[in-house]
Structure formats: structure tokens, C-alpha cells
Amino acid sequence: QVQFVESGGGAVQSGGSLRLSCVAPGFSLDGYAIGWFRQAPGKEREGVSCISSSHGSPYYADSVKGRFTISRDNMKNTVYLQMNSLKPDDTAVYYCAANLMRSLCPAGPQKSHEYAYWGQGTQVTVSS
């Protein structure tokens with residue numbers, strides 16, 4: 001059973017930074033768009049960012065645009081999410097997943113039903 005493993009979460013103060021990582025043991029990320037999602041208590045899962053397999057512009061939700069940067073290292077089979085200028089509203093469990101339908105990130109909000117191999121997530125808590 002393929003499953004992503006997310007890491008790098010933690011507790012930071014408002015304005016701080018974290019870098020999340022995700023890997024999928026036994027699964028090559030090459031050829032797939034990879035997305036980061038988050039879910040806060042009582043809220044629906046939200047697509048935060050997506051990175052295409054090779055070319056193509058990454059996608060960012062408006063709420064994180066200019067603060068978060070997604071990147072991937074196919075040699076290390078790892079996708080990263082650099083999060084700067086964190087706000088309390090960024091508090092959530094962060095997940096990554098593979099879009100098995102696309103190698104390019106779709107335009108607009110990411111649809112979680114297109115993604116697979118969800119991990120357990122990593123908690124990010126931002127205090128004011």
C-alpha cells in the first residue's frame with residue numbers, strides 16, 4: 001500500500017517559517033503532479049499548492065500565495081513546501097498526495113478526489 005509520509009511540521013509563532021517534506025516509499029513521484037493540502041479542525045480539506053512533474057507553473061491557493069513555495073527533487077523523490085510569514089490561519093494538518101490523473105497541475109482549486117496515496121499528515125500550529 002503506497003502512502004505518503006509528511007514531516008517538518010511543528011509549532012511556531014506568527015511570522016515564523018517551516019519547511020514541510022513528503023516522500024512516498026516505494027512510489028516514484030516522477031511523472032505525477034503532487035499536491036499539498038491542509039485541513040483545519042471543523043473545516044474541509046483545502047488544496048494549498050501543486051507542483052507539476054516537470055514544466056508548468058505551480059499552483060498556490062490565494063491564501064498562501066507569496067508566502068509558500070513548493071518544490072520537488074525527483075532525484076530524492078521528495079516534494080517540499082516552504083512556508084514563510086506563517087499566520088494563525090495556517091494552523092492545520094498538512095498532507096501531500098499524488099494526482100494520478102495528471103502530470104501537470106490543473107488550473108484553479110485542487111480537487112482532492114483526483115489525488116491518491118494520502119499520508120497521515122503533519123501538524124502545523126501557528127500561535128499569535
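Note that the coordinates shown come from a computational prediction; the quantities given were computed from them, not determined experimentally.
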Query raised in the report: Could you go step by step and tell me if Asn77 and Ser28 meet the side-chain contact (heavy atoms from CB on, under 4.5 Å) rule?
Result: CA-CA 6 Å; Asn77 209 37; Ser28 173; 4.3 Å; yes
Query - Distance in Å, Glu46 CD paired with Tyr94 OH, rounded so as to fall on 0.5 Å steps - result: 8.0 Å
Query - Interatomic spacing from CG in Leu81 to CD in Glu6 - rounded to 0.5 Å - result: 11.5 Å
**Report entry** Nearest atoms (heavy-atom pairs only) where Tyr59 meets Gly108
**Finding:** CE1-O, 3.2 Å
Report task. Can you sort out the partners of Tyr95 under ring pair (Phe, Tyr, Trp, His ring centres under 6.0 Å), two or more places apart, ordered by chain and number? Result -> none
Report task. Apply side-chain contact (heavy atoms from CB on, under 4.5 Å) to the pair Phe68 and Leu20, showing each step before the final yes or no. Result -> CA-CA 11 Å; Phe68 290 12; Leu20 307 183; over 6 Å; no
Query raised in the report: Is the backbone N or O of Pro88 less than 3.5 Å from a side-chain atom of Ser14, with the two atoms forming a donor-acceptor pair by type?
Result: no
Query raised in the report: Given the rule in the side-chain contact (heavy atoms from CB on, under 4.5 Å) test, do Val79 and Ile70 qualify, once you have shown the distances and angles that lead to the verdict?
Result: CA-CA 7 Å; Val79 175; Ile70 192 170; 4.1 Å; yes
Query raised in the report: In Å, rounded to the nearest 0.5 Å, how long is the span from OG of Ser128 to CD of Gln13?
Result: 9.0 Å
Query raised in the report: Counting N and O atoms only, with roles assigned by atom type, does the side chain of Arg72 sit under 3.5 Å from a partner on the main chain of Ser54, one being a donor and the other an acceptor?
Result: no
Query - Nearest non-hydrogen partners of Thr78 and Ser21, listed with the distance - result: CG2-CB, 4.2 Å
Query raised in the report: Are there more than 12 heavy atoms of other residues, nucleotides or ligands under 6.0 Å from atom NZ of Lys65?
Result: yes
Query raised in the report: If Ile, Leu, Val, Met, Phe, Trp and Tyr residues are connected whenever their side-chain heavy atoms lie under 4.5 Å apart, and connections chain through other members, are Val64 and Val12 in the same group?
Result: yes
Report summary line: Here the pair of heavy atoms bringing Ala116 nearest to Phe4 is O-CE1, 4.0 Å
Query raised in the report: Taking C-beta and beyond as the side chain, do Asn84 and Thr69 meet within less than 4.5 Å on heavy atoms?
Result: no
Report task. Could you pull out all residues at least two apart from Tyr115 that satisfy ring pair (Phe, Tyr, Trp, His ring centres under 6.0 Å)? Result -> Phe37
Report task. Taking all heavy atoms of Ser103 and all of Gly31, pick out the closest pair and write down the distance. Result -> CB-O, 3.3 Å
Query raised in the report: Can you tell me how far the OG atom of Ser7 sits from the CZ atom of Arg19, to the nearest 0.5 Å?
Result: 9.0 Å
Requested in this report: Using modelled atom types only, decide if a donor and an acceptor are shared between the side chain of Thr122 and the backbone of Gly9 within a distance under 3.5 Å.
Outcome: yes
**Report entry** Euclidean distance, Trp118 CH2 relative to Cys22 SG, rounded to 0.5 Å
**Finding:** 11.0 Å
Report task. Using a 4.5 Å cut-off on heavy atoms from C-beta on, say whether the side chain of Asp30 contacts that of Ser53. Result -> yes
Query raised in the report: If two hydrophobic side chains count as joined below 4.5 Å and joins carry through other members, does Met101 share a cluster with Leu104?
Result: no
Report summary line: For Ala33 and Cys50 the tightest heavy-atom approach is CB-SG, 3.9 Å
Report task. Verify side-chain contact (heavy atoms from CB on, under 4.5 Å) between Asp73 and Tyr80, making sure each step is shown before the conclusion. Result -> CA-CA 8 Å; Asp73 185 335; Tyr80 305 96; 4.1 Å; yes
**Report entry** Connected hydrophobic set around Val23, excluding itself, where side chains approach under 4.5 Å
**Finding:** Val5
Requested in this report: Decide yes or no for Lys43 and Arg38: does some side-chain heavy atom of the first lie under 4.5 Å from some side-chain heavy atom of the second?
Outcome: no
Requested in this report: Please indicate whether Gln82 has more than 12 foreign heavy atoms, meaning atoms of other residues, nucleotides or ligands, lying under 6.0 Å from its CD.
Outcome: yes
Query raised in the report: Under 4.5 Å between any side-chain heavy atoms of Asp90 and Met83, yes or no?
Result: no
Report summary line: To the nearest 0.5 Å, atom CG of Asn99 lies from atom CD of Glu114 at 5.0 Å
Query raised in the report: Does Arg45 use its side chain to pair, donor to acceptor, with the backbone of Gln39 at less than 3.5 Å?
Result: no
Requested in this report: List the atom of Gly47, the atom of Gln110, and the distance in Å for their closest heavy-atom pair.
Outcome: CA-CB, 4.2 Å
